[in-house]
Each structure stands twice: as structure tokens, then as C-alpha cells.
Amino acid sequence: MKVKILLLRVFMIVGVLLVAFSLPACRPQESENIILWTYLSTQQEMETLQNVVDTWAAETGNTVEVIQYPYFEMLGKVETTFPAGEGPDLFEYPHTNVGIWSEAGLIAPLPDNALSEEELANYQISGLNAFTTANTLYGIPQIADTVIMLYNKALVSDPPETMEELVIMAHQLTTDDIYGFLLLDDNVWFSWGFISGYGGYIFGEQEGSYNPNDIGVFSKNTADGMDYLMTLRNEEGLIPTDLDWNVITGKFTEGKVAMMFMNANQASIYEEAGIDVGIAVLPQLPNGEMPHPMINFHGWGVNPYSQKQEAAAQLAVYLGANLPVSLFEASNGNIPVRSDVLTDPLIANNPDAIAAVQQVGYGQPVPNISEMSLAWTPLDNAFKLVARGEESTVQALMEASEAIRQAIENQE
């Protein structure tokens, strides 16, 4: 009897041990070393990123190796290092590469459950759309680069909310030495908000992706937007004929420009030059619509050749949620793409920060298909020809549309 009891106890102990070792939850989870590539450039930005990464590592038991590259060098490495297994697990990249890299298998789609419904609601829809193609999310948006209104607070105390107000104020502020308002109206990037605000578009959207066969450049809406844009030069006389990047940035740095439409990431540069810079949302257009400037989004993508994709995706989500405010502090050109940051005291108590976040909500992502690279030059040429008075709006847009169509056909 004693032998039977003893054997029964042995069997019970062995059984418990077998069950214990068969349960994954009972096994210690191995830590993973995640390699992250970034093209953040300044020391303050890198320190900010490192602090957030270190917090995630401490919370998860993983480690993260952050490697910094110059922008173009890093992007150039993707096509060669990733397939060779020499790339990172997580990397920063611009949303404009979503289309071509997803087709080439160089970025991994994020797991369907990577972002909860609550987290999805915290992001500006334009940011999520930028990293989406074929209804699939390929990245976590982090920061936005877009055109916004910058103004010199020494000259402007209360920025205009409509273009009609802007024109009146610009004339009042203009002197022999001061420009009331400037805009590079012969450049598609800086002027696109006028076109989109009137309903113009470059490529139409179809089934969650851009349709390169739907070219909206030659349309009444596009022409209406450009026609209004050119009134600032031709009828109001606010834009000088010799305006270029060096002139507009130089004059603003000298304190001789009251208001201008400019990249938000230039604000800190002017502040370093001693200008008290204000940031405001682009004013409402005469048709009652808001301008929708182009936006370049930058975010985090997962290397499809990585063996640690799950952890990399988790880190991407963590960065997206915990980096925005501190990265904006590091440089106010790093505009957050989450609407929930508006409740953070560092944003809520900063009118410039609020305006920057709101502008992202009005903007529209640069189309993330490869055909967009073929559209820039024809579009820029159209803006330049019309601004110089060398062609009519209709003629210039018709030629641009045809040039884009021909370029796409030649590429196929």
C-alpha cells in the first residue's frame, strides 16, 4: 500500500512538472535587442528619442540600439541592406515611400491589432492615411512637415483668420522697407493649399489607394485655385517678381517680413536669428474653405526581413504615443500628428503649438504612390509659367496634366 501511495505521489509530481514546462507563460521571456535607424539630426532630438527608447526598454526588458544616419544616406540603404539581412528592425521613413516600398516588399504591414481603437482615434486621420495603401497600414506616423503661416510678432499681434483679412493687413503693414506678406507662389509645395482648398487634386483616390490614371491637374477646381492665388501677385501687388527662397528667408530673418507661408520646421531657425516668430493656421479662402497644404509625414516602419517584427511594431506604437510632445519641445518644427496632445499642458498653453497641430488636421498628405515623383516637375513648371505671366492658367495646367500622363505611360 505504501509503495502504491509513493508511486502515485511520484506520478503527480511528474505530471505537474510536465504541465508547468508545457505552458509558455511559465517560461521566462527572452529579451530582444531592437536595432532602430533614424535620421533625426540634432543632438536635442536624439537625446529626446533616446530617453523615450530607454523607458520602453526598461518597461519591457528589451534593449534598443539607436543608429543615426543622414536622411538620404539612410533611405539609400533600404533596398540593399534589408534583403541582405543587414538592416534594422525598426526605421524612420517618409510616408511618400509607402507605395513603392510596400510593392517591393521593403516594409512590413503592421499587425491588425497593433493600434487599439482608442489609439487610432488619437491620431490625425491625415497621418494614418499617409501610411496607408490598399487599406493596409504600413507605419506609425510621428511628425509632420507642412506649410503654415509664420509671422513676426514685432509686426503682427493678432494674425488674420481669412485671406481677405490677410490682404488688408498686408497692405497696411507694407512700407518701403517692410513686406506685409510674402509667398513663393511659383512653387507647388508652398502654394498647393490654394489649389486643394478650391477642390483641385493631383491623383484621385480609389479603394484605399491613389489612382495614377485619375489626374486632376487640368480641372476647373484647380484653375480656380490658381487664379485666386495669382491675384495676390497681379492684382494686390503683394508678391515681387524677383522673389525666391533666399530673398524670402533672408528678409524674414532681417525682420522685414510681417507674414509669410513657410515650412513650419523653419520657425526655430528664425528664432535663433532673433525673430519673435508666431505660428498660425493658414487663413480661410474666399470660397469659405480652408487651405489644405501638402504634408510630408515621417514615421516608423518595420523591416519585413527582421526576425523581431512583433517587438519592433510594439516599439513603433510606443514611440508614436510617447514621443510627440517632447520631440516638439526639442524643435517646434516637429509637429505632432496626434490630436490628444492638445490636452498636454506644454501644448495646450502654447498657441503656436496648437496652431501647428491644427494645421495638420487641415492638410493633405503628398500622394504616396511612385507616380508622384513624375508630377513634381510638370506642376512646378505650371506654377512658374503662370506666375511669370508666360502662359494662362488653363494652358499651363493642360500642359502639366499631359506631361504627367505621358511620363506615367513611359514608365509602364
Side-chain angles (χ1 to χ4, degrees), residues 93-99 120-133 137 139-151 159 161-163 166 183-185 187-205 210 216 221-222 225-226 228-229 259-267 279-285 287-299 320 324 327-328 331-342 347 351-369 372 375-376 379 383:
Y93 82 104
H95 87 271
T96 48
N97 286 42
V98 167
L120 281 170
N122 287 329
Y123 282 92
Q124 300 270 22
I125 188 66
S126 56
L128 293 173
N129 287 345
F131 284 94
T132 299
T133 185
L137 184 64
I140 300 295
Q142 187 69 69
I143 59 176
D145 178 23
T146 191
V147 174
I148 205 164
M149 187 164 78
L150 301 184
Y151 62 96
E161 296 183 1
T162 68
M163 284 302 300
L166 181 146
L183 163 69
L184 293 172
D185 62 346
N187 182 288
V188 61
W189 169 259
F190 293 103
S191 301
W192 184 254
F194 290 90
I195 309 302
S196 56
Y198 275 84
Y201 63 93
I202 302 173
F203 296 114
E205 296 183 60
Y210 288 96
N221 291 340
T222 303
M226 183 174 281
Y228 173 69
L229 167 66
M259 301 173 288
M260 67 176 179
F261 291 180
M262 178 52 64
N263 292 339
N265 59 18
Q266 294 294 304
I279 297 177
V281 173
L282 298 182
Q284 185 185 69
L285 295 167
N287 66 349
E289 299 293 330
M290 297 300 292
H292 306 300
M294 291 182 180
I295 306 179
N296 274 333
F297 287 97
H298 301 267
L327 198 57
F328 181 84
S331 170
N332 60 12
N334 293 320
I335 304 177
V337 298
R338 291 172 62 104
S339 54
D340 62 332
V341 300
L342 291 171
I347 301 292
D352 294 337
I354 292 174
V357 175
Q358 289 175 334
Q359 186 65 75
V360 174
Y362 289 120
Q364 72 178 206
V366 173
N368 60 14
I369 55 176
M372 183 60 202
W376 286 112
L379 285 169
F383 276 80

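Since the structure is predicted, the reported quantities are computational estimates derived from the model, not experimental observations. FYI, side chains are in, hydrogens and waters are out, and symmetry mates aren't considered; it's all heavy atoms of this structure.
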> What do the steps show when you test L282 against Y362 for side-chain contact (heavy atoms from CB on, under 4.5 Å), and what is the final call?
Replying inline: CA-CA 9 Å; L282 298 182; Y362 289 120; over 6 Å; no

> If you round to the nearest 0.5 Å, how far is OH of Y201 from CD1 of I195?
Replying inline: 14.0 Å

> Closest approach of I279 and A356, non-hydrogen atoms and distance?
Replying inline: CG2-N, 4.3 Å

> Nearest heavy-atom pair of I354 and I347: which atoms, and what distance?
Replying inline: CG1-O, 3.4 Å

>> Run the side-chain contact (heavy atoms from CB on, under 4.5 Å) test on Y198 and M226 for me, step by step, so that the C-alpha distance in whole Å, both residues' side-chain angles and the decisive distance to 0.1 Å come before the verdict.
In response: CA-CA 9 Å; Y198 275 84; M226 183 174 281; over 6 Å; no

>> Please give me the minimum heavy-atom distance between N97 and Y93, naming the atom from each residue.
In response: CB-CD1, 4.1 Å

> How long is the span from the OG1 atom in T133 to the CD1 atom in I369, to the nearest 0.5 Å?
Replying inline: 8.5 Å

> In Å and rounded to the nearest 0.5 Å, what is the OG1 to CE distance from T96 to M294?
Replying inline: 11.5 Å

> Taking atom CG of N287 and atom CE of M163, what is their separation to the nearest 0.5 Å?
Replying inline: 11.5 Å

Which pairs of donor and acceptor atoms, one on a side chain in residues 335-342, lie under 3.5 Å apart (sequence neighbours left out)?
| unit_1 | atom_1 | unit_2 | atom_2 | d |
| --- | --- | --- | --- | --- |
| R338 | NE | D340 | OD1 | 3.1 |
| R338 | NH1 | E119 | OE1 | 3.0 |
| R338 | NH1 | Y123 | OH | 3.3 |
| R338 | NH2 | E119 | OE2 | 3.1 |
| R338 | NH2 | D340 | OD2 | 2.9 |
| S339 | OG | N122 | O | 3.3 |

> Where is the tightest heavy-atom contact between G363 and S126, given as atom of each residue plus distance?
Replying inline: O-CB, 4.0 Å

> Going through the checks in order, is the side-chain contact (heavy atoms from CB on, under 4.5 Å) test met by F131 and I140?
Replying inline: CA-CA 7 Å; F131 284 94; I140 300 295; over 6 Å; no

> So do P94 and H298 actually touch side chain to side chain, heavy atoms under 4.5 Å?
Replying inline: yes

> Can you list every pair that meets side chain to side chain donor-acceptor pair (under 3.5 Å) and has a residue in residues 142-151, with sequence neighbours left out?
Replying inline: Q142-W300, D145-N265

>> As an exercise, state the distance from CD1 of I295 to CD of Q364, rounded to the nearest 0.5 Å.
In response: 8.5 Å

> Quick one: are F297 and V360 in side-chain contact, heavy atoms under 4.5 Å?
Replying inline: yes

> What do the steps show when you test V366 against W189 for side-chain contact (heavy atoms from CB on, under 4.5 Å), and what is the final call?
Replying inline: CA-CA 10 Å; V366 173; W189 169 259; 4.0 Å; yes

>> If we ignore hydrogens and angles and just use 3.5 Å, is the side chain of Q359 paired with the main-chain N or O of M149 as donor and acceptor?
In response: no

> Could you state the interatomic distance from NE2 (H95) to CG (L128), rounded to the nearest 0.5 Å?
Replying inline: 12.5 Å

> Are any side-chain N or O atoms of S191 and backbone N or O atoms of V188, one a donor and one an acceptor, separated by less than 3.5 Å?
Replying inline: no

> Under 3.5 Å, is there a donor-acceptor pair between the side chain of N368 and the main chain of T132?
Replying inline: yes

> If only atom types and distance count, is the side chain of N334 paired as donor or acceptor with the main-chain N or O of L327 below 3.5 Å?
Replying inline: yes

> Which heavy atom in P367 sits nearest to a heavy atom in F203, and how many Å separate them?
Replying inline: CB-CD1, 4.1 Å

>> On a heavy-atom basis, which atom in G200 and which in W192 lie closest, and how many Å separate them?
In response: O-CZ2, 4.0 Å

